[in-house]
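Beneath this line is the structure, given in C-alpha cells, with notes to follow.
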Amino acid sequence: MTDTNPSSIARITVLISGNGSNLQALIDAIRDGQIAGRIIRVISNRKAAYGLTRAANALIATEYHNLLLYKKKYAKLAETSNSEITADQAAREAYDADLTELILKDEPDLVVCAGFMHVLSMTFLEPMDKAGVPVINLHPALPGQFNGTDAIGRAHRDWLAGKISKTGVMVHFVIKEVDMGEPVEVEEIPFESGDEDLEKFEEKLHRVEWGVIVRGTRKAIEAVKKQKEQR
Ligand SMILES: Nc1nc2c(c(=O)[nH]1)N[C@@H](CN(C=O)c1ccc(C(=O)N[C@@H](CCC(=O)O)C(=O)O)cc1)CN2
Ligand SMILES: NCC(=O)N[C@@H]1O[C@H](COP(=O)([O-])[O-])[C@@H](O)[C@H]1O
C-alpha cells in the first residue's frame, strides 16, 4: 500500500463471535474516513452472531466457519486411529488451517479479532506470519491482567473485593500465548463509585472499546504500511 494510489486502502478481515458492536465501530470509522481501510470479509465461529447481520447490512462479505463440523469429523476418525493428539486438538488444528486458507485467499493486509472467542493455534498463526499478515485482538483488560474469557467480570469482582482500582481495554498483536502479545493501544479505566452494577459498568467499558479498537486498528495499519514501504 502507498499513499498515492488506491491500494493505500488497507484490506481488513474481521473475526467475530457475537453482537459485533466493535465491528460496527470499525464499519462506522471507515465510513467516516477515520480508518484508511476496507473490511473485505467478516468471519464468525458462531452462526447466530448478530455481527454477521451488521456486516451484511454494510454489504460486507460474511462467512460462518463452523468448528462443530470439524469436531464431529475428527471424533469419528479417532475411533479408528491411534493418533498421538486428541480428536479435539486435531479438529481445532484442521479448523484453524482452513480458517487461514479462507482468510488468505482474500489477500488481507490485517486481521482484526473483534470479540472472536476462539483460541488460535499455530496452524493459524504460522501461515499468517509467513504471509506477513498481522493479527490483532481487542481485549477488555490491561496488558498481563485477566487474560482469557470473562475478563470484565473478573476485574469487576476484584475491584469489589478491594484488590484493584482500575482496569482497561487494549488492542494487542495475537501470539500463541493468549492475550500476551505486544500491546498496540491501551486505555485505562479507573473504577469509580457508581460502577458497582456490573451491567452498567460493562456498558461504560464497551464505549471505551469502540474508541480503542478504531485507534488500535489505525495504528496497526500504519505499522503495516511502514513495513511495506521499507521492503
Ligand atoms: N492464540 C491466541 N488466540 C486468540 C487470542 C490470543 O491472544 N492468542 N486472543 C483471542 C481473544 N480472546 C481474548 O481476547 C480469547 C478468546 C477465547 C478464549 C477461550 O478460552 N475460548 C475457548 C472457547 C470459549 C467460548 O467458546 O466461549 C476456546 O477457544 O476453547 C480465550 C481468549 C482470540 N484468540
Ligand atoms: N477475550 C476476548 C473478549 O473477551 N472480547 C470481548 O468480546 C466482546 C465482543 O463484543 P462485540 O461482539 O459487541 O464486539 C468485547 O467486549 C470484547 O472485548
Side-chain angles (χ1 to χ4, degrees), residues 1-17 20-43 51 54-55 58 60 100 103-104 106-117 120 124-125 128-147 151-152 155 166-190 204-231:
M1 295 174 294
T2 57
D3 285 339
T4 54
N5 65 54
S7 66
S8 68
I9 300 297
R11 295 168 60 82
I12 305 165
T13 298
V14 181
L15 308 183
I16 63 166
S17 296
S21 68
N22 286 282
L23 165 68
Q24 192 63 57
L26 291 175
I27 291 170
D28 297 348
I30 287 170
R31 179 202 58 211
D32 299 344
Q34 293 171 4
I35 294 178
R38 182 164 75 86
I39 299 172
I40 53 178
R41 192 178 301 275
V42 171
I43 302 171
R54 293 179 191 268
I60 297 167
T100 309
I103 291 172
L104 291 180
D106 287 333
E107 296 183 355
D109 296 298
L110 176 70
V111 174
V112 182
C113 296
F116 185 59
M117 301 310 285
L120 292 158
F124 175 92
L125 296 169
M128 294 304 286
D129 185 46
K130 192 157 173 268
V133 179
V135 184
I136 60 175
N137 175 62
L138 171 76
H139 186 60
L142 292 173
Q145 281 193 5
F146 307 109
N147 294 347
I152 304 172
K166 67 183 178 183
T167 186
V169 175
M170 68 169 167
V171 165
H172 63 90
F173 284 106
V174 170
I175 61 174
K176 181 171 181 287
E177 294 72 24
V178 172
D179 299 330
M180 292 302 284
E182 181 195 345
V184 177
E185 177 74 11
V186 180
E187 183 166 339
E188 293 187 352
I189 305 173
K204 179 166 115 176
L205 185 141
H206 287 320
R207 285 192 293 276
V208 172
E209 286 186 320
W210 301 333
V212 170
I213 194 165
V214 170
R215 296 193 299 276
T217 299
R218 193 165 47 223
K219 281 187 178 176
I221 289 170
E222 283 154 13
V224 168
K225 268 188 186 173
K226 203 172 283 176
Q227 206 177 43
K228 292 202 169 181
E229 283 159 6
Q230 285 162 356
R231 277 189 190 161

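Keep in mind the model is a prediction, meaning the values are calculated, not measured.
- With Glu187 as reference, Arg215 is the one residue of Arg215, Glu209, Met170 to meet the side chain to side chain contact (heavy atoms under 4.5 Å, CB included) rule.
- Here the side chains of Glu177 and Asn147 are not in contact, with every heavy-atom distance at 4.5 Å or above.
- Looking at Asn137 and Val135, their side chains never come closer than 4.5 Å, going by heavy atoms from C-beta outward.
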- Determine, stepwise, if the pair Ile30 / Arg38 fulfils side chain to side chain contact (heavy atoms under 4.5 Å, CB included). CA-CA 7 Å; Ile30 287 170; Arg38 182 164 75 86; 5.7 Å; no
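- A 4.5 Å side-chain heavy-atom check between Val171 and Lys219 finds every atom pair outside the cut-off.
- Scanning both residues, Val184 and Phe173, for their nearest heavy atoms gives CG2-CE1, 3.4 Å.
- Within 6.0 Å of NZ in Lys204 there are more than 12 heavy atoms belonging to other residues, nucleotides or ligands.
- Interatomic distance, Leu142 CG to Thr167 OG1, rounded to the nearest 0.5 Å: 5.0 Å.
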**OP:** Any chance you could lay out the side chain to side chain contact (heavy atoms under 4.5 Å, CB included) test for Asn22 and Trp210, step after step, and finish with the verdict?
**Re:** CA-CA 6 Å; Asn22 286 282; Trp210 301 333; 3.3 Å; yes
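- The NE2 atom of His172 lies 8.0 Å from the SG atom of Cys113; values are rounded to the nearest 0.5 Å.
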Could you walk me through whether Val214 and Asp28 pass the side chain to side chain contact (heavy atoms under 4.5 Å, CB included) test, one step at a time? CA-CA 10 Å; Val214 170; Asp28 297 348; over 6 Å; no
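- Checked against Leu15 for a side chain to side chain contact (heavy atoms under 4.5 Å, CB included), the options Ile103, Val112, Val174, Val42 give a single hit: Ile103.
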- [ ] Would you sort out whether Ile189 and Val169 count as a side chain to side chain contact (heavy atoms under 4.5 Å, CB included), showing the intermediate values?
- [x] CA-CA 8 Å; Ile189 305 173; Val169 175; 4.0 Å; yes
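- A donor-acceptor distance shorter than 3.5 angstrom exists from the side chain of Arg11 to the backbone of Glu107, with no hydrogens or angles considered.
- Phe146 and Ala151 get closest at one heavy-atom pair: O-CB, 3.4 Å.
- Leu104 CG to Thr13 OG1: the interatomic distance, rounded to the nearest 0.5 Å, is 8.5 Å.
- The shortest distance between side-chain heavy atoms of Ile213 and Glu185 does not fall below 4.5 Å.
- Rounded to the nearest 0.5 angstrom, Asp106 CG and Ile12 CD1 are separated by 12.5 Å.
- In this structure, Thr217 and Ile136 have side chains that are in contact, with non-hydrogen atoms separated by less than 4.5 Å.
- Residues Pro108 and Val133 come closest through the heavy atom pair O-CG2, 3.5 Å.
- Taken from CD1 in Ile43 to OG in Ser17, the straight-line distance is 11.5 Å, to the nearest 0.5 Å.
- Shortest non-hydrogen contact noted between Val224 and Pro134 is CG2-CG, 3.4 Å.
- Contact between Pro140 and Leu205 at its shortest, heavy atoms only, is CB-CD2, 3.7 Å.
- His139 places no side-chain N or O within donor-acceptor distance of the main-chain N or O of Met180, the cut-off being under 3.5 Å.
- Separation of atoms CD1 (Ile27) and CG (Asp32) is listed at 11.5 Å; rounding is to 0.5 Å.
- Arg54 and Gly20 make their closest contact through CD-O, 3.2 Å (heavy atoms, listed as atom of the first residue, atom of the second, distance).
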